[in-house]
Number of protein chains: 2
Amino acid sequence: MPDEEQKPARPNARTRLLDVAMVVIRRKGFAATSIDDLCRAAGVTKGAFFHHFASKQELGVAAADHWSETTSALFADAPYHRHADPRDRVLGYLDFRRSLIAGETSAFTCLVGTMVQETHESSPAIRDACRNSIFDHSKVVEADIAAAMEVTGTVPGWTASSLALHFQAVLQGAFVLAKAGNDPEVALQSLDHLRRYVALLFDRSPGKGTEE
Amino acid sequence: MPDEEQKPARPNARTRLLDVAMVVIRRKGFAATSIDDLCRAAGVTKGAFFHHFASKQELGVAAADHWSETTSALFADAPYHRHADPRDRVLGYLDFRRSLIAGETSAFTCLVGTMVQETHESSPAIRDACRNSIFDHSKVVEADIAAAMEVTGTVPGWTASSLALHFQAVLQGAFVLAKAGNDPEVALQSLDHLRRYVALLFDRSPGKGTEE
DNA sequence: GACTACATACCGACTGGTTGGTATGTTTCA
DNA sequence: TGAAACATACCAACCAGTCGGTATGTAGTC
């Protein structure tokens with residue numbers, strides 16, 4: 001009976017800082033986010049911050065890694081994996097990505113895509129952590145794409161890897177346009193074009209719309 | 001008697017600041033670029049800066065507008081317009097965009113795409129200037145896409161506007177991945193996928209130019 | 001053509017607040 | 001008891017923005 005009912009099991013300062021970093025940095029950008037901003041949002045002090053991170057840059061790297069872990073779990077649990085035909089898994093991946101795009105811009109955009117734009121020259125450590133996050137994630141679909149290519153049987157002038165990265169490019173670009181237009185709609189339409197492309201490549205009817 | 005012959009007519013402080021802003025902001029990001037950075041690069045003083053711009057935000061807006069004018073001139077002079085068939089003009093646009101991607105990352109990426117990621121929430125004025133730059137530019141291809149759709153004659157489930165914006169999304173996303181990977185190659189491959197998509201839509205062979 | 005009145009372009013020292021980071025406690029818990 | 005996990009107080013550098021000033025034009029007027 002004396003459970004931890006009311007308190008949602010407040011985790012330690014490091015985890016709280018990384019959690020709020022995902023939200024705040026997506027909203028304000030990395031450079032414009034001060035360490036005090038993060039401490040305030042996480043309800044910790046500067047001493048706690050520098051106990052866990054040697055510098056702001058190190059938090060950036062840790063935030064990118066934390067993002068990778070968070071999204072990995074999300075996609076591992078996604079329902080589209082159950083499709084028997086790999087072509088349906090590829091399209092299902094896109095439908096799943098599409099279903100995530102809704103509400104506040106900062107809720108569905110990509111942390112590492114945002115961060116790497118700012119830090120790609122000034123901080124190689126953060127850039128590499130962001131690169132790993134994006135490129136490693138692309139491997140998740142790449143396997144299904146490769147399987148779908150075998151099913152289709154054609155010998156195309158492109159690789160599974162390049163198409164998987166194209167997926168990520170379209171998503172990142174869709175986020176940029178959604179931010180610029182302050183409206184997720186343009187991102188959804190871009191994903192529809194990508195889905196149509198994949199359907200054409202794999203000789204699938206373009207139908208099957210939104211989610212499942 | 002010593003005339004002003006040799007000097008290449010050094011323009012005024014405002015123009016110089018906007019010119020260096022295009023380079024420096026793409027390299028460091030907007031928030032991480034200080035006014036002193038810009039003044040140093042432009043060879044002007046802070047007094048000159050605040051004579052021409054009321055605030056850093058106002059420079060951001062002016063830089064986005066300056067970017068629009070610069071790129072407008074570039075695309076107006078581009079050679080792909082000469083194609084008679086609008087489908088070739090659409091593909092020619094993509095080939096032209098592709099030809100621009102080379103060398104240093106900060107040399108071919110997009111200023112407004114970079115800026116809007118950082119400022120979309122904190123500065124509506126900059127966000128809107130960036131949105132106008134991207135969305136207005138998309139109109140350039142949109143006209144050719146619409147003409148190409150008429151030539152093809154099909155009634156697709158998509159609009160010229162949405163495809164034109166998809167072009168911009170792919171480009172913006174390709175820039176993000178090029179920055180993350182520190183290599184333009186991935187951007188080129190993404191553009192190849194986009195070109196293949198367009199060729200399929202317009203029933204054009206995925207290869208280069210004109211065959212029916 | 002010279003004098004006044006005003007405008008534009010630019011200079012650089014200065015300010016008050018913010019920043020990333022440090023130095024030094026205090027609490028928690030194995 | 002001792003180390004890990006925090007908190008408090010503080011600092012030097014940096015930041016956007018201010019302000020008093022100069023140099024150069026330029027339009028109007030007598």
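Since we're looking at a predicted model, the values are computed, not measured. Below, read A as the first sequence line, B as the second, and so on, with proteins coming before strands; counting in each chain starts at 1.
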Any side-chain hydrogen bond (donor to acceptor under 3.5 Å, both in side chains) pairs touching residues 100-111 of chain B, not counting sequence neighbours?
none
Interface with DNA chain D, restricted to residues 116-127 of chain B and to heavy atoms under 4.0 Å:
none
Candidate list Arg89(B), Arg87(B), His81(B), test side-chain hydrogen bond (donor to acceptor under 3.5 Å, both in side chains), partner Asp144(B), passing option
Arg89(B)
Is the shortest distance from a Lys or Arg side-chain nitrogen in Arg98(A) or Asp192(A) to a carboxylate oxygen in the other one below 4.0 Å?
yes
Any ring-ring contact (aromatic ring centres under 6.0 Å, His included) pairs touching residues 123-147 of chain A, not counting sequence neighbours?
Phe75(A)-His137(A), Tyr93(A)-His137(A)
For nucleotides 15-20 of chain C, give me every protein contact, N/O to N/O, under 3.5 Å, one pair per line with atom names.
{"unit_1": "dG20(C)", "atom_1": "OP1", "unit_2": "Lys56(A)", "atom_2": "NZ", "d": "3.2"}
{"unit_1": "dG20(C)", "atom_1": "OP2", "unit_2": "Ile35(A)", "atom_2": "N", "d": "2.9"}
{"unit_1": "dG20(C)", "atom_1": "N7", "unit_2": "Lys46(A)", "atom_2": "NZ", "d": "2.7"}
{"unit_1": "dG20(C)", "atom_1": "O6", "unit_2": "Lys46(A)", "atom_2": "NZ", "d": "3.3"}

Who are the side chain to side chain contact (heavy atoms under 4.5 Å, CB included) partners of Ala164(B), not counting sequence neighbours?
Ser138(B), Glu142(B), Ile145(B)
Give every residue pair that meets the side-chain hydrogen bond (donor to acceptor under 3.5 Å, both in side chains) criterion with at least one member in residues 44-55 of chain A, sequence neighbours excluded.
none
Dump every N/O contact between nucleotides 3-6 of chain D and the protein below 3.5 Å, one line per pair.
{"unit_1": "dA5(D)", "atom_1": "OP2", "unit_2": "His51(A)", "atom_2": "NE2", "d": "3.1"}
{"unit_1": "dC6(D)", "atom_1": "OP2", "unit_2": "Ala13(A)", "atom_2": "N", "d": "3.4"}
{"unit_1": "dC6(D)", "atom_1": "OP2", "unit_2": "His52(A)", "atom_2": "NE2", "d": "3.1"}

Is it true that Arg40(B) and Asp37(B) make a salt bridge, defined as a side-chain N closer than 4.0 Å to a carboxylate O?
yes
Does anything in residues 170-190 of chain B form a side-chain hydrogen bond (donor to acceptor under 3.5 Å, both in side chains)? List the pairs, not counting sequence neighbours.
Gln117(A)-Lys179(B), His166(A)-Ser190(B), Thr114(B)-Lys179(B), Glu185(B)-Gln189(B)
Protein and nucleotides 26-30 of chain C: nitrogen or oxygen contacts under 3.5 angstrom:
none

Could you note down all residue pairs passing salt bridge (charged side-chain N to carboxylate O under 4.0 Å, His left out) where residues 66-83 of chain B supplies at least one of them, sequence neighbours left out?
none
Regarding Ser68(A) and Asp65(A), is there a side-chain donor-to-acceptor distance under 3.5 Å anywhere?
no
According to side-chain hydrogen bond (donor to acceptor under 3.5 Å, both in side chains), does anything in residues 122-132 of chain A pair up with another residue at least two apart or in another chain? List the pairs.
Gln57(A)-Ser123(A)
Residues which pass ring-ring contact (aromatic ring centres under 6.0 Å, His included) with Phe49(B), listed by chain and number, not counting sequence neighbours:
Phe53(B)
Could you give the CG-to-P distance, from Leu38(B) to dG17(D), as a whole number of Å?
12 Å
